[in-house]
Amino acid sequence: MLKLQVRNFLALAALICLLGQSRAVKNVISMSVSVQDKVHNGGINSEIKKVPKPGQTFAFAKHFQNNMVLQKAPARASIYGFSSEIGQKVIAQMRTPSHQYYYSTTVQQGPSPDIGVWSFSLDPIDANITVSISVQSEIGLLAITNVIFGDVWLCSGQSNMQLTVIMMLNASQELADATNYPNVRIMTVAEEQSDTPLHDLISIQEDWTSPSSATIGGPAWTYFSAVCWLYGKYIHKELGYPIGLVATDWGGTPVEAWSSPEALAECGVTSTDNTARQQPPGYQSYVDQLPPAERAKLTGPLSNSVLWNAMVTPLLGMTIYGAIWYQGENDASGAMMNRYNCTFPTMIKDWRKNFNKFSNGQTSALFPFGFVQLAPNRDDPTISVGFPDIRFHQTADWGYVPNRDMPNVFMAVAMDLPDFNSTYGSIHPRDKIDVGLRLSLSGLAVAYGKQEVFQGPFPVRGEVYSDHLLLEYGNSANLQIRDTEGFELLCVNGAAKKWVPATIIAYNKTAITLNSNVCNPGQQLLGLRYAWRESPCAFKKCAVYETVNSLPAPPFVTIISGATYEKLQFRFDGPMHY
């Protein structure tokens, strides 16, 4: 029976080859055939797996598995793998409920002399279609089943992305609800590093699976990411089709570890850069009391590019729809903090470029990228350096996204969600539901074009009068004021500079009036900032919110020169370097 099936398939391959030659097609040939077509009855049997002989290699890349999600139309999903037989023909079959698709290619030279790479760009398949895929060569037969088409999202970053569902507030309800979303499929990449770029993942922590209390309720810091799960669940509920979530994260890691050498070089960071690196305050004290095995999951490598090499590069050929990110705590000091307004936006551009290149243009060169602004950490209202700087730099110093430097980027503000008594240290707030809701709201607006208020108020202009500062938020704003504190003005006298609190003295739906008489005689008012603290307010009690969806205003800082304008004005139409 096996010989008959292989003979039929090889005959079909020869036919496809002749058709390809006569029509001068490229090395990947595609045709759709009715399932009822008797010519193809008895094609590749997806249940048979011919094992390569000793010394031979024929395999999918590790992340192509049963139960996975592939990127839906209009993009073409890519599948690929490895073979020791360079130049050998490889044939694939994709079987849908109504059609069969066949493809042919040859094994190309791969990462080492004895390993080649084969790949296929599949026909565009609509969402919710379930398929099986078989790949045949002379040395083996591979198959994956129960593969469904939808949108694929990558989730990456450090420990606040890694924090698992079992650790979040309301975990029991979330675990019980998981089985209601069988088409939000998940996979977790294992924590690995490499000094050189890898073509395949070293290992996978959790294989592709549908959600259940067991599959999203793994041990703390192991699987599955709470923010990743909630984001995928919420957008799935709105979109109504499958979502694939690939979590690739590692606690205690800087953005430089997730960036390619080329991206870092654009920001003046070389492979031999020896910038001092340290864990953020409060983090190490939590980590030190963990068992050694758990501690290792939260003290990832600090070296440049090692996670890009091992945990991102092997995924580049996979067609994805977008990515979300939660990281920055490890860059919140010293030189790394001051260059984050370059390293983070440049990493996004570089990921986009490489995913587009290695997917043969099927992943958009401008795919949507979302991130979470840093949450609070220590319960100390005096700390104004570190986390505030990173929050602002996460927007390339615009204060909001998307912007001209960060197109198709969206974010969730989390600075008003402190959890100082968190079981996992104050740096790991357990309220991930609000984070997931805010991020999904932004993602649905920016990545999917849904008409919705998705970000908190941001000023459009400010003007200083004799006894007050009028801060306007534009006619579309619908302000809600929950506190009168949070704004500060910069008073300058020569080299002496001091930030002084400026209280809200009046407001309406579109504007706020601040007390501007805060500088001493001889001082000049030159700067304005908002929520510029590591932990700026109590839970959901910062000063400014948008009434619609209760979204907090993001932090900002801007410095002006009084000689620039006839009146002392603040403008917010570009990067606000400080």
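In this text the structure is predicted, and so the values were computed from the model without any measurement.
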A.B. asks: Show the numbers, then the answer: is there a ring pair (Phe, Tyr, Trp, His ring centres under 6.0 Å) between Tyr321 and Phe367?
C.D. replies: CA-CA 6 Å; Tyr321 189 83; Phe367 67 75; 9.1 Å; no
A.B. asks: Ignoring hydrogens and angles, state whether a donor on the side chain of Lys432 or Asn160 is under 3.5 Å from an acceptor on the partner side chain.
C.D. replies: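 Looking only at side-chain atoms, Asn160 and Lys432 do form a donor-acceptor pair, the distance falling under 3.5 Å.
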A.B. asks: Between atom CG of Leu489 and atom CG of Leu514, what is the distance when rounded to the nearest 0.5 Å?
C.D. replies: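 One gets 6.5 Å once the value is rounded to the nearest 0.5 Å.
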A.B. asks: Apply side-chain contact (heavy atoms from CB on, under 4.5 Å) to residues Leu437 and Val435 and explain how you reach the verdict.
C.D. replies: CA-CA 6 Å; Leu437 285 169; Val435 171; over 6 Å; no
A.B. asks: Report yes if some heavy atom in the side chain of Phe570 is under 4.5 Å from a heavy atom in the side chain of Glu463; otherwise report no.
C.D. replies: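 No; the side chains remain at least 4.5 Å from each other.
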A.B. asks: Is it true that Thr253 and Trp258 share a donor-acceptor pair across their side chains at a distance under 3.5 Å?
C.D. replies: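 The criterion, which ignores hydrogens and geometry beyond distance, is satisfied for Thr253 and Trp258.
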A.B. asks: Tell me, do Val246 and Cys155 make a side-chain contact under 4.5 Å, heavy atoms counted?
C.D. replies: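 Not in contact.
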A.B. asks: What closest approach, in Å, do Ile235 and Tyr448 show between heavy atoms, and which atom pair accounts for it?
C.D. replies: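 Looking at all heavy atoms of both residues, the closest pair is CD1-OH, 4.2 Å.
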A.B. asks: How far apart are the closest heavy atoms of Pro97 and Thr130, and which atoms are they?
C.D. replies: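 Closest approach of Pro97 to Thr130: CD-O, 3.4 Å.
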A.B. asks: Is the backbone of Pro554 close enough, under 3.5 Å, to the side chain of Gln373 for a donor and an acceptor to pair up by distance?
C.D. replies: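 No.
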A.B. asks: Could you tell me whether the side chain of Ser119 and the main chain of Tyr80 form a donor-acceptor pair under 3.5 Å?
C.D. replies: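 Answer holds: no.
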A.B. asks: Working to the nearest 0.5 Å, report the span between CE of Met406 and CZ of Phe369.
C.D. replies: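 Going from the CE atom of Met406 to the CZ atom of Phe369 covers 7.5 Å.
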A.B. asks: Salt-bridged, Asp177 to Lys233, with N to O below 4.0 Å?
C.D. replies: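 A salt bridge links Asp177 with Lys233.
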A.B. asks: Quick one, Tyr326 and Gln162 - any side-chain contact, counting heavy atoms below 4.5 Å?
C.D. replies: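 Tyr326 vs Gln162: side chains apart.
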A.B. asks: Looking at Tyr530 and Val544, would you say the former's side chain and the latter's main chain have a donor-acceptor pair under 3.5 Å?
C.D. replies: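 Yes.
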A.B. asks: Would you say Phe420 has more than 12 foreign heavy atoms packed within less than 6.0 Å of its CZ?
C.D. replies: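 Enclosed.
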A.B. asks: Just by distance, with hydrogens left out, do Arg482 and Gln480 show a side-chain donor and acceptor under 3.5 Å apart?
C.D. replies: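 Side chains of Arg482 and Gln480: pair found under 3.5 Å.
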A.B. asks: Indicate yes or no: at least one non-hydrogen side-chain atom of Ile133 is less than 4.5 angstrom from one of Ile79.
C.D. replies: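 In short, these two side chains touch, coming nearer than 4.5 Å.
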A.B. asks: Assess the side chains of Asn67 and Asn146: does a donor N or O sit below 3.5 Å from an acceptor N or O?
C.D. replies: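 The criterion, which ignores hydrogens and geometry beyond distance, is satisfied for Asn146 and Asn67.
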A.B. asks: Rounded to the nearest 0.5 Å, how far does OG of Ser422 lie from CG of Leu163?
C.D. replies: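 Leu163 CG to Ser422 OG: 7.5 Å, rounded to 0.5 Å.
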A.B. asks: What about the rings of Trp325 and Trp351, do their centers lie closer together than 6.0 Å?
C.D. replies: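 That pair passes the under 6.0 Å test.
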A.B. asks: Are any non-hydrogen side-chain atoms of Thr547 and Leu479 less than 4.5 angstrom apart?
C.D. replies: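 When only atoms from C-beta onward are counted, Leu479 and Thr547 do not touch, as no gap falls below 4.5 Å.
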A.B. asks: Apply salt bridge (Lys or Arg N to Asp or Glu O under 4.0 Å) to Lys541 and list each qualifying residue two or more places apart in sequence or on a separate chain.
C.D. replies: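 Here no residue qualifies.
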A.B. asks: Flag yes if more than 12 heavy atoms outside Asn475 fall under 6.0 Å of its CG atom; otherwise flag no.
C.D. replies: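 At most 12 heavy atoms, drawn from other residues, nucleotides or ligands, come within 6.0 Å of this atom.
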A.B. asks: Taking C-beta and beyond as the side chain, do Phe487 and Ile504 meet within less than 4.5 Å on heavy atoms?
C.D. replies: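 Of all side-chain heavy-atom pairs linking Ile504 with Phe487, at least one is under 4.5 Å.
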A.B. asks: In plain terms, say whether Arg430 and Asp419 are close enough for a salt bridge, that is, a side-chain N and a carboxylate O under 4.0 Å apart.
C.D. replies: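 Answer for the salt bridge query: yes.
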A.B. asks: Show the nearest heavy-atom pair for residues Ala511 and Leu470, with the distance to one decimal.
C.D. replies: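 The answer is CB-CD1, 4.0 Å.
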A.B. asks: Between Phe224 and Ala247, which heavy-atom pair has the shortest distance, and what is it?
C.D. replies: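 What the structure gives for the nearest pair is CE1-CB, 3.7 Å.
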A.B. asks: Is there a donor-acceptor pair closer than 3.5 Å between any side-chain N or O of Thr363 and the backbone N or O of Ser359?
C.D. replies: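 Side chain of Thr363 to backbone of Ser359: no pair is present.
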A.B. asks: Answer yes or no: are there more than 12 heavy-atom neighbours, outside Gln451 itself, under 6.0 Å from its atom CD?
C.D. replies: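 Not buried by this count: 12 neighbours or fewer within 6.0 Å.
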A.B. asks: Can Asp380 and Arg533 be counted as an ion pair, charged N to O under 4.0 angstrom?
C.D. replies: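 Salt bridge between Asp380 and Arg533, a charged N being under 4.0 Å from a carboxylate O: no.
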A.B. asks: Thinking salt bridges, do Glu256 and Arg339 make one under a 4.0 Å N-O criterion?
C.D. replies: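 Yes, this pair counts.
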A.B. asks: Are Arg529 and Trp499 in a cation-pi setup, meaning NZ or CZ lies under 6.0 angstrom from the ring centre and within 45 degrees of the ring axis?
C.D. replies: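 Yes - Arg529 lies over the ring of Trp499, closer than 6.0 Å to its centre and within 45° of its axis.
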A.B. asks: Which distance, rounded to the nearest 0.5 Å, do you find between the CD1 of Ile148 and the CD1 of Ile125?
C.D. replies: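 Here the rounded value is 12.0 Å.
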A.B. asks: Determine, using ring centers only, whether His236 and Trp229 are less than 6.0 Å apart.
C.D. replies: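 Trp229 vs His236: aromatic centres not under 6.0 Å.
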A.B. asks: For the pair Asn183 and Ile243, evaluate side-chain contact (heavy atoms from CB on, under 4.5 Å) and give the outcome as yes or no after the intermediate values.
C.D. replies: CA-CA 7 Å; Asn183 285 335; Ile243 299 295; over 6 Å; no
A.B. asks: Is any side-chain heavy atom of Met576 closer than 4.5 Å to one of Asp397?
C.D. replies: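 A side-chain contact under 4.5 Å is absent here.
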A.B. asks: Applying the side-chain hydrogen bond (donor to acceptor under 3.5 Å, both in side chains) test to Tyr241, which of Asp126, Asn128, Asp151 qualifies?
C.D. replies: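 The residue from Asp126, Asn128, Asp151 that satisfies side-chain hydrogen bond (donor to acceptor under 3.5 Å, both in side chains) with Tyr241 turns out to be Asp151.
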A.B. asks: Considering all heavy atoms of both residues, which atom of Pro314 and which atom of Asn309 are nearest to each other, and what is their separation?
C.D. replies: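 Nearest pair, atom of Pro314 first, then Asn309: CD-O, 3.6 Å.
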A.B. asks: Side chains of Glu546 and Gln455: any donor to acceptor distance under 3.5 Å?
C.D. replies: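 Judged by distance alone, the side chains do not pair up.
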A.B. asks: Please determine which of Asp431, Asp434, Asp483 meets the salt bridge (Lys or Arg N to Asp or Glu O under 4.0 Å) test together with Lys540.
C.D. replies: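 Answer after filtering Asp431, Asp434, Asp483: Asp434.
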A.B. asks: When you check the gap from the basic side-chain N to the acidic O, do Asp207 and Arg185 get nearer than 4.0 Å?
C.D. replies: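 Salt bridge absent between Asp207 and Arg185.
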A.B. asks: Within the side chain of Ser156, is there an N or O that forms a donor-acceptor pair under 3.5 Å with the backbone of Thr248?
C.D. replies: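 It does hold such a pair.
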A.B. asks: When you check the gap from the basic side-chain N to the acidic O, do Lys353 and Glu262 get nearer than 4.0 Å?
C.D. replies: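 Salt bridge: no.
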A.B. asks: What I want to check is whether the side chains of Thr215 and Ser212 have a donor and an acceptor closer together than 3.5 Å.
C.D. replies: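 On atom types as modelled, these side chains qualify, holding a pair under 3.5 Å.
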A.B. asks: Is a donor on one side and an acceptor on the other found under 3.5 Å between the side chain of Asp389 and the backbone of Val385?
C.D. replies: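 Checked: no pair found.
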A.B. asks: Do Ile186 and Ile216 come close enough that some side-chain heavy atom pair is under 4.5 Å?
C.D. replies: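 Yes, side chains in contact.
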A.B. asks: Would you give the length of the straight line joining atom CG of Asn478 to atom CG of Leu551, rounded to the nearest 0.5 angstrom?
C.D. replies: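 Here the interatomic distance stands at 11.5 Å.
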A.B. asks: For the pair Ser442 (side chain) and Met411 (backbone), establish whether a donor and an acceptor sit closer than 3.5 Å, ignoring hydrogens and angles.
C.D. replies: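 Flag set: sc Ser442 to bb Met411 pair under 3.5 Å.
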A.B. asks: Test your reading of the model: is there a side-chain donor-acceptor pair from Gln65 to the backbone of Trp208, 3.5 Å cut-off?
C.D. replies: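 It does hold such a pair.
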A.B. asks: To the nearest 0.5 Å, how far apart are CD1 in Ile390 and CE in Met336?
C.D. replies: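 Here the interatomic distance stands at 8.5 Å.
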A.B. asks: Name the residue from Val312, Leu201, Asp249 that meets the side-chain contact (heavy atoms from CB on, under 4.5 Å) definition with Val189.
C.D. replies: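 That would be Leu201.
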A.B. asks: Just by modelled atom types, is the Ala77 backbone N or O under 3.5 Å from a matching donor or acceptor in the Gln362 side chain?
C.D. replies: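 Not at all, since once roles are kept as given, no pair shorter than 3.5 Å links the two residues.
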A.B. asks: Step through it carefully: locate the ring centre of Trp398, locate the ring centre of Phe392, and say whether they are under 6.0 Å apart.
C.D. replies: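 Not under 6.0 Å, so no.
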A.B. asks: Just by distance, do the side chain of Ser426 and the backbone of Asn377 share a donor-acceptor pair under 3.5 Å?
C.D. replies: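 Looks like yes, one N/O pair under 3.5 Å.
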A.B. asks: Do you know the tightest heavy-atom contact between Val165 and Ser225?
C.D. replies: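 Smallest heavy-atom distance, with atoms named: CG2-O, 4.1 Å.
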A.B. asks: For the pair Phe371 and Phe344, evaluate ring pair (Phe, Tyr, Trp, His ring centres under 6.0 Å) and give the outcome as yes or no after the intermediate values.
C.D. replies: CA-CA 11 Å; Phe371 66 89; Phe344 180 52; 5.4 Å; yes
